[in-house]
J.: 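Provided herewith is a single structure, encoded as structure tokens, for subsequent inquiry.
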Amino acid sequence: MTPLFLYIHHGKVIFMEEKTPKYITTTLPYVNASPHMGHALEFVQADTLARYYRLMGHEVFFNTGADEHGQKVAKKADEAGVDRQSYTDKYAAEFDNLQTAFNLSWTNFIRTTNPEHKAAAQHIWKLCEENGDIYKKKYQGLYCVGCESFKVDSDLVDGKCPEHGTEPEAIEEENYFFKLSNYQDYLLEYLSNEGVVVPEFRRQEALRFVEGGLEDLSISREKSRMDWGVPVPGDDEHVMYVWFDALTNYISTLGWPEDKAGQFKKFWDDGSTLQLAGKDQIRFQSVIWQAMLKSAGIQATDRVFYHGFINSDGQKMSKSIGNVIDPYEIVDKYGTDAARYIMLRHVHPTDDSDITWEKMDEWYTANLVNGLGNLTARIMKMAETHLDAPIERPEAQGFAPEYIDALDCYNFQGAMDFVWGKVQALDEKITETEPFKLVKEDKEAAVAIIKELLHELYIIGRMLNPVLPEANVILKQAILENKKPDNLFNRLES
């Protein structure tokens, strides 16, 4: 019998057959440095969606990993005087450790130095080549090591890469090229579909880029100049450009091309696919990758969601400026759930946001310590004192439509605002009803109010499941055991 799942949407009970499998992937960060706030943001956003979709009855494959090839990784390893694989092992571990630090529920952490991934990258190259989309020619151009890509004059500002503030190197090589120009009409058709890129203004940005005309792309490097990469099939003198190799991770993680376990068919062919990326990735994720998939005879990504950047005190985070905030330091200071809270509620889902330690202290104290934490302590203290037994577990009623609508649109901030609106409303209910005073005059009425408070707090706990998973467990367990927990969030030391 086909399993059924139930949830409530706009006041209606919805019965659905087995849900479509969901595939979610982040981009793979370069392992030439330690993780930064943008990496943590993308991982937490993806994890929230993965947890939410599981609660809604979907089977989920959540992918992330490490992008380990390319010139800037090789350069950093050489400068450090260490073996390149050892260098990437060290930094890949730092990214893998984000799973514990931020309580991330990914299915697979893929590394592009894995033999299976290398074989998949070579296979997609062969498919594109067999389709007539790869050729070889001599090329001269300006190359930005930071972006790992060639630049044209229109990409530069005052002769420098606007992203890295450096002048690109003039390089002349004989490289392999991918016929991106063959796919202009296809990409215009693909990008004309609303929803393939979120937010909408990023879709328009992608469309404008394609409408401006597409040039063929250099997709290899001469091994004599840069040898840290996946060898080009049939030509040992060349290695693939890092992004041609790395983009393939989105399907190699599913076991493509052999697909022995059927994961690729389930999650890519028959499922719903979602990629998360930073706003600077539009050309790679929604243009180049989609053209590669088309050339290889693989269906396009259903949707790419682009988030903004995190700045600090009005400036882009930079080691030279000294305003870099380490995501591990945020967890060390505030705790895992609090770090997730900051990124989901106080970082805009799609626009740039500004974060400082002072702001985070204020958010943590006002909304977690004095907000959710204090509310939980007040209600559980009254329950522990005045109830003879725990309340029964509230019946599952699904999430509120406002909460569902927000997460369905990747509006993490809106979902969090809805939850904290419920926290504030419950606080106000205590102030209005004063059950701690009423119990002296009418215990039965006071107990009834306390039970209502517990029931509503439990519903808040349910909504915390995808966003603050630790608080979700502690809060619901406290209610069902009728026992005040230790502080959900400790006060900061002065």
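Just so it is clear, the model here is predicted, and its values are computed rather than measured.
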J.: Grab the two heavy atoms, one from Trp256 and one from Ala120, that are nearest each other, plus how far apart they are.
T.: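 For Trp256 versus Ala120, the nearest heavy atoms are CZ3-O, 3.4 Å.
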J.: Would you name the heavy atoms of Thr365 and Arg491 that are closest together and state the gap between them?
T.: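 So the two residues come closest at CG2-NH1, 4.3 Å.
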J.: Which pair of non-hydrogen atoms, one from Glu68 and one from Gln85, has the smallest distance, and what is that distance?
T.: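 Minimum heavy-atom separation between Glu68 and Gln85: OE1-NE2, 3.8 Å.
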J.: Which heavy atom of Ala406 sits nearest a heavy atom of Ala415, and at what distance?
T.: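 Reported closest heavy-atom pair: CB-N, 3.5 Å.
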J.: Parallel, tilted or perpendicular: which describes the rings of His58 and Tyr53, with under 30° parallel and over 60° perpendicular?
T.: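 Plane angle over 60°, so perpendicular.
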J.: Who pairs with Glu205 by side-chain contact (heavy atoms from CB on, under 4.5 Å), at least two apart in sequence or on another chain?
T.: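 Expected list: Arg202, Arg208, Ile282.
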J.: Between Lys359 and Glu362, does any NZ, NE, NH1 or NH2 come within less than 4.0 Å of an OD or OE carboxylate oxygen?
T.: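 Answer for the salt bridge query: no.
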J.: Taking the ring centre of each residue, are Tyr91 and Tyr87 less than 6.0 Å apart?
T.: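 Yes, ring centres under 6.0 Å apart.
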J.: List the atom of Ala66, the atom of Ala92, and the distance in Å for their closest heavy-atom pair.
T.: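 Smallest interatomic distance, heavy atoms only, reads CB-CB, 4.1 Å.
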J.: For Ser272, what residues pass the side-chain contact (heavy atoms from CB on, under 4.5 Å) criterion, not counting sequence neighbours?
T.: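 In terms of side-chain contact (heavy atoms from CB on, under 4.5 Å), with neighbours along the sequence ignored, Ser272 is linked to Thr20, Lys22, Asp302.
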J.: Which residue pairs pass the salt bridge (Lys or Arg N to Asp or Glu O under 4.0 Å) test when at least one of the two sits in residues 456-473, sequence neighbours left out?
T.: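 Qualifying pairs: Lys429-Glu456.
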J.: Residues two or more places apart in sequence or in another chain: which of them pass salt bridge (Lys or Arg N to Asp or Glu O under 4.0 Å) with Asp313?
T.: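 Asp313 satisfies salt bridge (Lys or Arg N to Asp or Glu O under 4.0 Å) with no residue once adjacent residues are dropped.
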J.: Can you tell whether the side chains of Asp78 and Arg84 come within less than 4.0 Å, N to carboxylate O?
T.: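 Counted as a salt bridge, because a side-chain N and a carboxylate O are separated by less than 4.0 Å.
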J.: Of all residues at least two apart in sequence or in a different chain, which pass the salt bridge (Lys or Arg N to Asp or Glu O under 4.0 Å) check with Asp269?
T.: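 Per chain and number, Asp269 pairs via salt bridge (Lys or Arg N to Asp or Glu O under 4.0 Å) with no residue.
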J.: Under 3.5 Å, which donor-acceptor pairs do the side chains of residues 477-486 form with other protein atoms, sequence neighbours left out?
T.:
unit_1	atom_1	unit_2	atom_2	d
Gln477	NE2	Glu481	OE2	3.1
Asn482	ND2	Ala383	O	3.3

J.: Taking only residues two or more places apart in sequence, or in another chain, which ones meet Glu444 in a side-chain contact (heavy atoms from CB on, under 4.5 Å)?
T.: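 So Glu444 forms a side-chain contact (heavy atoms from CB on, under 4.5 Å) with Asp442.
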J.: Is the shortest side-chain N to carboxylate O distance from Asp351 to Lys279 below 4.0 Å?
T.: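 No.
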J.: Taking only residues two or more places apart in sequence or in another chain, which ones pass salt bridge (Lys or Arg N to Asp or Glu O under 4.0 Å) with Glu329?
T.: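 Here no residue qualifies.
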J.: Which atoms form the tightest heavy-atom contact between Tyr52 and Leu407, and what is the distance?
T.: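 Looking at all heavy atoms of both residues, the closest pair is CD1-CD1, 3.6 Å.
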J.: Which pairs count as ring-ring contact (aromatic ring centres under 6.0 Å, His included) when at least one residue sits in residues 413-455, sequence neighbours excluded?
T.: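 Sorted pair list: Tyr341-Trp420.
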J.: Under 3.5 Å, is there a donor-acceptor pair linking the side chains of Asn249 and Asp67?
T.: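 Distance-only check fails for Asn249 and Asp67.
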J.: Please tabulate, for the side chains in residues 372-381, all donor-acceptor contacts under 3.5 angstrom to protein atoms that are two or more places apart in sequence or on a different chain.
T.:
unit_1	atom_1	unit_2	atom_2	d
Thr376	OG1	Leu372	O	2.9
Arg378	NH1	Asp427	OD1	2.8

J.: For Asp47, check salt bridge (Lys or Arg N to Asp or Glu O under 4.0 Å) against everything at least two apart and list the hits.
T.: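 Once residues adjacent in sequence are excluded, the partners of Asp47 under the salt bridge (Lys or Arg N to Asp or Glu O under 4.0 Å) criterion are Arg51, Arg340.
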J.: Please enumerate all residues that pass side-chain contact (heavy atoms from CB on, under 4.5 Å) together with Asn193, with sequence neighbours excluded.
T.: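 Counting only residues at least two positions away or on another chain, Asn193 forms a side-chain contact (heavy atoms from CB on, under 4.5 Å) with Val196.
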J.: Are any non-hydrogen side-chain atoms of Tyr334 and Leu492 less than 4.5 angstrom apart?
T.: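 Yes. Closest side-chain heavy atoms under 4.5 Å.
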